[in-house]
Protein chains: 2
Amino acid sequence: MATRAEVAKLAGVSASTVSYALNGDRSIKEETRKRVLKAVAQLNYRPNFAAGALAGGKSKTLALLSPSGEFGIALIALEYINGASAAARDRGYHLVIWPSQESELAEIQTFAESGMISGVILMEIKFKDERVTYLKKAKVPFAMIGRTEKPGKDSYVDRDFIGTTQLGVDYLDSLGHKKIAFLTTERAVGVDTRFGSALLEAASKKKMTARKIQVVNEASSGRDAFIELHKKYPDVTAVVSLNDIATLGFISGANEYGIKIPKDLSLIALDTPENHIEMSWPPLTTVNLPAFEMGASASNILIDQIEHKENKQNQVLLAGELVVRGTTAKARKE
Amino acid sequence: MATRAEVAKLAGVSASTVSYALNGDRSIKEETRKRVLKAVAQLNYRPNFAAGALAGGKSKTLALLSPSGEFGIALIALEYINGASAAARDRGYHLVIWPSQESELAEIQTFAESGMISGVILMEIKFKDERVTYLKKAKVPFAMIGRTEKPGKDSYVDRDFIGTTQLGVDYLDSLGHKKIAFLTTERAVGVDTRFGSALLEAASKKKMTARKIQVVNEASSGRDAFIELHKKYPDVTAVVSLNDIATLGFISGANEYGIKIPKDLSLIALDTPENHIEMSWPPLTTVNLPAFEMGASASNILIDQIEHKENKQNQVLLAGELVVRGTTAKARKE
DNA sequence: ACTACTTGTCGACGCGTGTCGATAAAACTC
DNA sequence: GAGTTTTATCGACACGCGTCGACAAGTAGT
């Protein structure tokens, strides 16, 4: 592997000039820079990570706290990770994965102080999240995928709840549905809370009635939810699900009771990762979740922060797209 | 953060002695080592990653090539990753994630040569895998989760196909099933091929007849498989599925046709990650997949290899456990 | 008692980079 | 045109650790 010295020799400049030409911290004559870049390309030179970290105190390494998977988030986490990792690499950073145990927060600080880690990406954010509190106190740069209840100026990427919900509700409206229900989880993570209120808002704009059915993150609960719907609200013609796992159980329930989806009942799943779609029959109509992009965006925001590009936007909302598949149809006539 | 020099001072020894005391490359008086370790603990000293990598040419960083997810493997990949990462951390290594594009193989070599990466973990291994060929030629240490057709002396962790299959088949036998079918995917990865032959073997030992039904990795295909089974082999009383996604479709199909699982038909899924189980109703009887352990084992094997502990075992097979849930029952009487 | 090893420790150097201060040349200022 | 600032470049050093060679003290062999 070529070193800086070799590049310098080939370009006929000093080693430090190569540094400045590449990092742009001092003014360099344009022609010199070109010569350097050419030498870099010729030798296929890449700055050595370790040396850079040692000399500059910048590890160019991000840590992503990998979730335990308790909320079924594992199913989509890989997309986040892939996105975050790809973006990090594009900007010359590494992404390391840490299976997160709450107990290890202190260790993160140690790593950050020793320069081993430049910043942290968090996912599965709770409304009140002690990790966030801790990282702020420890002055470790971080970015969230999701957000706390009051994120203030903290960096985050989150789903655009309002946009996503509107896409779904408007589509149901266009099919003539006026009585809908939605499946939601009450969990501390806050996702469903935000979705829930966005949905009520969107529905009332379209003058729909919207029933709420509580589920937990299990297929069996989705099945129970179907039964509840069937008994209590037989006039509902469309269901919006905010929970992927329960969605699958809901479909099983409908099958069991002989209710045909989408002829008798439409179903639209918000915010569902691509992977899930192939898991159900009929294939789900969804507003999908741009997980890869969210991960990438988190990396970029975090790196901006680390590099003190504070002018850049550090709070991003992303909405997916409506993808019509097999679980939606025109509202049945009573 | 404390440095080696500070530890040396506190312990009243030279800096190099601290190094040797910690790494054990030279003989050190036991009492001295104790003093050093005490100082290390007192100062909460951790060797600086970057400096170590620079000086020793050892980055203590593993790269895991993250799969694209085309085979639905994304669903369990996170478990592998968490396991690999946890084990790596226990041994003082980092695990970085690389979303893998085939085109980037050359880059891996560059990184390895520059000492940035000490080794690579591969998953989603194909029978003939060009990545393996490449890494061997490039002399980059690697370990596979899965294995090629002829792994030779290459390091790998894989599922114990024979053990896993036997657990499943024996259990069905104990419930009185004699006519079974199995759902399998013919894909280049080789997993199903190995499972398939293990299954035929296990079934013939128990004097069962075993029908094979081909599926692809989609729910709809599982549904089609049910229909095929229903029409062609109505006397089958139990089904073994080797494909998680198709399993879910299969259940939908049964629901649709009014066949009750497990009363009319038993279903057992081999090698299914925990995450999946909550996604179906009734809950699946499975032989589960020890994904976390497999990931951890891959890291350990790879690190052994990097550190030239060549006496250690570098090929490991792991079987899951039979977990009886809601999809198996005694064979129906004809 | 002399050599020949072994054990335990130390000092010195190098890994490849980021960055500071110095310097020479060029560009302004009045 | 003397003084001042700006631009472009260079040399030197530090970052924290791994490791080699040196050396003193101890042990074994004759």
Side-chain angles (χ1 to χ4, degrees), chain A residues 1-37 39-40 43-61 92-94 110-111 113-116 118 306-308, chain B residues 1-37 39-40 43-61 92 110-111 113-116 118 306-308:
Chain A
M1 191 67 185
T3 70
R4 187 178 66 172
E6 300 174 47
V7 174
K9 197 186 210 175
L10 181 61
V13 296
S14 81
S16 56
T17 301
V18 174
S19 245
Y20 291 123
L22 293 179
N23 301 324
D25 302 347
R26 277 193 188 181
S27 54
I28 291 284
K29 210 197 285 177
E30 194 48 37
E31 183 235 315
T32 311
R33 161 176 276 119
K34 288 233 172 92
R35 257 203 346 269
V36 170
L37 291 180
V40 164
L43 297 173
N44 190 25
Y45 164 77
R46 286 168 181 283
N48 178 298
F49 243 66
L54 182 56
K58 305 164 182 172
S59 67
K60 293 213 169 193
T61 296
Y93 281 68
H94 275 345
T110 313
F111 273 57
E113 276 172 2
S114 74
M116 215 175 293
S118 304
I306 290 167
E307 296 178 348
H308 297 103
Chain B
M1 193 63 186
T3 69
R4 187 179 64 170
E6 300 175 48
V7 174
K9 201 188 210 175
L10 182 61
V13 296
S14 80
S16 56
T17 300
V18 173
S19 252
Y20 290 123
L22 293 178
N23 301 324
D25 301 349
R26 277 195 190 180
S27 53
I28 291 283
K29 212 196 286 178
E30 195 48 37
E31 184 235 317
T32 312
R33 160 176 277 120
K34 288 232 171 93
R35 263 208 334 275
V36 170
L37 291 179
V40 164
L43 297 172
N44 190 23
Y45 164 77
R46 287 170 181 282
N48 178 297
F49 243 67
L54 223 208
K58 305 165 183 172
S59 66
K60 292 210 169 198
T61 297
T110 313
F111 273 57
E113 276 173 3
S114 75
M116 213 173 295
S118 304
I306 290 167
E307 296 179 348
H308 298 104

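Values below: all heavy atoms of this structure, side chains included; hydrogens, waters and symmetry mates excluded. Per chain, numbering begins at 1; letters A, B, ... match sequence-line order.
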Side-chain donor-acceptor pairs under 3.5 Å in residues 1-12 of chain A, sequence neighbours left out?
{"unit_1": "A/Thr3", "atom_1": "OG1", "unit_2": "A/Ala5", "atom_2": "N", "d": "3.3"}
{"unit_1": "A/Arg4", "atom_1": "NH1", "unit_2": "A/Ser19", "atom_2": "OG", "d": "3.0"}
{"unit_1": "A/Glu6", "atom_1": "OE2", "unit_2": "A/Thr3", "atom_2": "N", "d": "3.3"}

Starting at the 5' end of DNA chain D and moving along, which residue's nearest nucleotide shows up first, B/Ala15 or B/Ala50?
-> B/Ala50
Considering heavy-atom distances to DNA chain D, does A/Arg4 or A/Lys29 have its closest nucleotide positioned more toward the 5' end?
-> A/Lys29
Please tabulate, for the side chains in residues 47-61 of chain A, all donor-acceptor contacts under 3.5 angstrom to protein atoms that are two or more places apart in sequence or on a different chain.
{"unit_1": "A/Asn48", "atom_1": "OD1", "unit_2": "A/Ala50", "atom_2": "N", "d": "2.7"}
{"unit_1": "A/Asn48", "atom_1": "OD1", "unit_2": "A/Ala51", "atom_2": "N", "d": "2.8"}
{"unit_1": "A/Ser59", "atom_1": "OG", "unit_2": "A/Thr61", "atom_2": "N", "d": "3.3"}
{"unit_1": "A/Ser59", "atom_1": "OG", "unit_2": "A/Gly115", "atom_2": "O", "d": "3.3"}
{"unit_1": "A/Ser59", "atom_1": "OG", "unit_2": "A/Met116", "atom_2": "O", "d": "3.1"}
{"unit_1": "A/Ser59", "atom_1": "OG", "unit_2": "A/Ser118", "atom_2": "N", "d": "3.4"}
{"unit_1": "A/Ser59", "atom_1": "OG", "unit_2": "A/Ser118", "atom_2": "OG", "d": "2.9"}
{"unit_1": "A/Thr61", "atom_1": "OG1", "unit_2": "A/Ser59", "atom_2": "O", "d": "3.1"}

Contact boundaries of DNA chain D with chain B (under 4.0 Å, heavy atoms), 5' to 3'?
-> D/dG16 to D/dA22
Enter the distance from B/Leu22:CG to B/Tyr45:OH here, rounded to the nearest 0.5 Å.
-> 6.5 Å
OG1 of B/Thr17 to CZ of B/Arg35, rounded to nearest 0.5 Å, is 9.5 Å
Have a look at B/Thr3 and say if it touches a base, only the backbone sugar-phosphate, or nothing, with a 4.0 Å heavy-atom cut-off.
-> sugar-phosphate
So what does B/Ile28 hit on the nucleic acid, given a heavy-atom distance under 4.0 Å: a base, only sugar-phosphate, or nothing?
-> sugar-phosphate
Between A/Ala5 and B/Tyr20, the residue closer to the 5' end of DNA chain C by nearest nucleotide is B/Tyr20
What does A/Tyr45 touch in the nucleic acid at a heavy-atom separation under 4.0 angstrom: a base, only the sugar-phosphate, or nothing?
-> sugar-phosphate
Contact interval (first through last nucleotide) of DNA chain C with protein chain A, 4.0 Å heavy-atom = C/dG16 to C/dA22
A/Asn23 and A/Asp25: which non-hydrogen atoms are nearest, and at how many Å?
-> O-OD1, 3.0 Å
When the rotation axes relating C1' atoms of four end pairs to the next four are compared across the helix from C/dA1-D/dT30 to C/dC30-D/dG1, five pairs an end, they differ to 10° by 30°
Sorted by chain and residue number, the salt bridge (Lys or Arg N to Asp or Glu O under 4.0 Å) partners of A/Arg26 (sequence neighbours excluded) come out as none
Heavy-atom check, side chain of A/Val13 versus side chain of A/Tyr20, under 4.5 Å = no
